[in-house]
Amino acid sequence: MTTLSMHPELGREVSVGSIDKELRKLWEEDEARTNASLMNLAVYSEEPGSLEKNSAAIRELTAEHACRAILVGIDPNAPEASIRAWITAHCHLSHGKKSVCCEQISFALTGKATGRLRNTVFAHLASDLPLILWWQGELSPRFEDRLYSLVDRFVFDSSSWANPQESFGRISEAIEGATRELVVQDLSWTRCFQFRVSVAHLFDDPLVLAALPQIESVEIVHHPDNRQTALQMLAWLVVQAGWRDGMELDLAVQRRNGSKEGFSFEGPDGKPITVTVSADESSAPLGLVKLSGGGVTATVSRDAGANHLIRRIEAPGYAIEAPGPVDPDECASLIREQLSRGGKNTLFQKVLPRFRQLLER
């Protein structure tokens with residue numbers, strides 16, 4: 001029999017059947033604290049040691065986003081079935097006086113007990129609040145309709161997936177088969193948000209706007225871990241500019257050559273456009289987007305570790321350069337950015353079919 005104890009990061013261990021009672025006791029112990037929740041934020045992981053790491057991330061997130069946090073650590077290959085639970089609260093001073101706290105419930109499920117994920121773990125959601133599920137790692141068999149039917153927003157990071165084609169296929173099926181609207185968010189997409197904003201700003205310049213129909217080549221450089229970010233960036237360009245696949249030129253473009261991939265498209269007037277996507281170990285997650293044509297070169301670039309982007313426009317007798325903000329590199333910081341923006345993420349869903357086509361090439 002497991003002995004209940006205190007955990008330095010996860011708090012007080014409690015029996016699963018007494019979680020609600022123990023949470024009430026937790027708040028009664030200190031009446032000076034205020035419990036605040038605007039959402040349920042569940043974090044799912046099958047990585048060993050994830051509960052402690054994610055508890056530290058939740059502590060930072062709750063400084064800006066009040067929630068009931070539910071951490072789930074799964075080990076389906078453990079020989080014995082077990083469920084353990086811990087409760088704690090993350091507290092932050094509001095205006096330097098009042099202590100505002102958010103509840104956290106942590107679950108560790110092993111063996112056959114992992115089959116009780118929906119009925120046991122998600123029975124402890126705060127009612128009437130939306131559920132955001134942050135899924136870490138590969139999509140496992142536990143990503144199924146009985147689970148995501150509870151979810152309002154599904155957040156994942158495709159950069160770690162071994163088979164993104166298959167996983168995005170499952171997510172598209174989930175969106176199409178959901179009994180209510182399921183908002184999905186890929187952190188790979190969030191990683192290129194400021195790049196997309198900066199590329200859009202390039203066309204505020206009349207010189208670049210005039211050259212848009214003349215674009216003949218695009219170069220994208222990314223870190224090898226962030227191919228999905230680069231392809232989502234490309235899919236966004238293709239969709240927003242109205243480019244279509246270049247059938248004839250496609251035959252002349254070498255698809256893959258070492259760390260480089262080639263794509264071909266046609267502009268609205270049939271002008272061919274060649275795209276090169278390159279992986280570079282020394283690059284930032286997304287290091288360069290370069291558009292060339294009509295005598296104009298427009299780039300957005302970021303050095304690895306830099307805290308700003310550079311927008312640059314060059315043409316004969318003309319050169320202009322300006323800095324821009326960057327998206328964070330860490331997943332927890334990307335989640336914070338995503339929670340702050342909210343929305344239904346319709347642009348991502350608009351770009352998703354094109355992105356999946358690029359993945360299949």
| query | Are a donor atom and an acceptor atom from the side chains of Ser50 and Gln136 found within less than 3.5 Å of each other? | reply | no

| task | Please check if Val300 and Val296 belong to a single hydrophobic cluster, counting links between Ile, Leu, Val, Met, Phe, Trp and Tyr side chain heavy atoms closer than 4.5 Å. | result | yes

| query | Does any donor atom in the side chain of Tyr44 or Asn54 lie under 3.5 Å from an acceptor atom in the other side chain? | reply | no

| Among Val183, Ile132, Ile171, Leu147, side-chain contact (heavy atoms from CB on, under 4.5 Å) partner for Phe154 | Ile171

| task | Let me know which of His222, Arg227, Glu219 forms a side-chain contact (heavy atoms from CB on, under 4.5 Å) with Val277. | result | His222

| task | Can you see which heavy atom on Val326 is nearest to which on Gln194, and at what distance? | result | C-CG, 3.7 Å

| query | What's the shortest heavy-atom distance between His308 and Pro323, and which atoms? | reply | CD2-CB, 4.3 Å

| field | salt_bridge(Glu181, Lys344) N-O dist < 4.0 Å | value | yes

| said: I'd like to know whether Arg302 forms a salt bridge (charged side-chain N to carboxylate O under 4.0 Å, His left out) with Asp329, so could you lay out the CA-CA distance, the side-chain angles of the two residues, the decisive distance to 0.1 Å, and finally the verdict. | reply: CA-CA 12 Å; Arg302 180 195 176 194; Asp329 294 332; 3.0 Å; yes

| Hey, do the aromatic rings of Trp189 and Phe348 have their centres closer than 6.0 Å? | yes

| said: Testing the basics here: between Arg12 and Met6, what is the closest heavy-atom pair and its distance to 0.1 Å? | reply: CA-SD, 3.4 Å

| message | Does this structure show an ion pair linking Asp186 with Arg191, if we count only N-O contacts that are shorter than 4.0 Å? | response | no

| For the student: nearest non-hydrogen atoms of Ala230 and Leu286, plus distance | CA-CD1, 4.1 Å

| query | Is a salt bridge present between Glu9 and Lys53, judged by a nitrogen-to-oxygen distance below 4.0 Å? | reply | no

| If we only count heavy atoms from C-beta on, is the Val184 to Phe156 side-chain gap below 4.5 Å? | yes

| request: Could you verify whether a donor N or O on one side chain and an acceptor N or O on the other, from Glu337 and Thr190, lie under 3.5 Å apart? | output: no

| Hey, are Arg84 and Glu13 close enough for a salt bridge, meaning a charged N less than 4.0 Å from a carboxylate O? | yes

| said: Assess the residue pair Cys91 and Cys101 against the criterion (disulfide (SG to SG under 2.5 Å)); give the C-alpha distance rounded to whole Å, side-chain angles, the decisive distance to 0.1 Å, and a yes or no. | reply: CA-CA 4 Å; Cys91 299; Cys101 304; 2.0 Å; yes

| Taking everything shown except Lys290 itself, do over 12 heavy atoms lie less than 6.0 Å from its NZ? | no

| request: Test Asp225 against Ser159 for side chain to side chain contact (heavy atoms under 4.5 Å, CB included), laying out the working first. | output: CA-CA 6 Å; Asp225 292 340; Ser159 68; 5.6 Å; no

| remark: Smallest heavy-atom separation, Leu10 atom then Leu51 atom, equals CD2-O, 3.7 Å

| task | For the pair Glu22 and Lys25, evaluate salt bridge (charged side-chain N to carboxylate O under 4.0 Å, His left out) and give the outcome as yes or no after the intermediate values. | result | CA-CA 5 Å; Glu22 294 296 332; Lys25 288 170 58 179; 3.6 Å; yes

| Ser188 and Ser158 side chains, donor-acceptor separation under 3.5 Å | yes

| said: Quick one: does any side-chain atom of Trp243 pair with a main-chain N or O of Gly246 as donor and acceptor, under 3.5 Å? | reply: no

| request: Evaluate side chain to side chain contact (heavy atoms under 4.5 Å, CB included) for Asn119 paired with Arg146, printing each intermediate quantity in order. | output: CA-CA 10 Å; Asn119 293 339; Arg146 292 180 66 253; 3.7 Å; yes

| query | Does the side chain of Tyr318 come within less than 4.5 Å of Asp205's, by heavy atoms? | reply | yes

| said: If you count every heavy atom of other residues, nucleotides or ligands that lies below 6.0 Å from Arg142 atom CZ, does the total exceed 12? | reply: yes

| request: Assess whether side chain to side chain contact (heavy atoms under 4.5 Å, CB included) is satisfied between Val14 and Trp86, documenting all intermediate values. | output: CA-CA 6 Å; Val14 298; Trp86 296 262; over 6 Å; no

| query | Are Pro76 and Glu46 close enough that some pair of their side-chain heavy atoms sits under 4.5 Å apart? | reply | yes

| Are Phe168 and Phe355 close enough that their ring centres sit under 6.0 Å apart? | yes

| request: Would you mind checking if Arg341 and Asp327 are paired as a salt bridge, meaning a charged N to carboxylate O distance below 4.0 Å? | output: yes

| said: Just checking Glu80: does its CD atom have more than 12 heavy atoms from other residues, nucleotides or ligands closer to it than 6.0 angstrom? | reply: no

| query | Are Val221 and Ile310 joined in one hydrophobic group, where the rule is that I, L, V, M, F, W and Y side chains link up if heavy atoms are under 4.5 Å apart? | reply | no

| said: Can you confirm whether the side chains of Asn35 and Glu103 place a donor and an acceptor under 3.5 Å from each other? | reply: yes

| Would you say the side-chain atoms of Gln165 pair up with the backbone N or O of Leu359, donor to acceptor, closer than 3.5 Å? | yes

| query | Which pair of heavy atoms, one from Thr110 and one from Ser82, lies closest together, and at what distance? | reply | OG1-OG, 2.6 Å

| request: May I ask you to decide if Glu47's main-chain N or O and Ser45's side chain share a donor-acceptor pair within less than 3.5 Å? | output: yes

| message | Please tell me whether Ser172 and Arg356 have a donor and an acceptor in their side chains that are separated by less than 3.5 angstrom. | response | yes

| query | Can you tell me if CG on Asp303 sees more than 12 non-hydrogen neighbours from other groups inside 6.0 Å? | reply | no

| Under a single-linkage definition using a 4.5 Å side-chain heavy-atom cutoff for Ile, Leu, Val, Met, Phe, Trp and Tyr, are Leu150 and Ile105 assigned to the same hydrophobic cluster? | yes

| said: Is it the case that the side chains of Glu60 and Thr62 hold a donor-acceptor pair, with the cut-off being a distance below 3.5 Å and no angle test? | reply: no

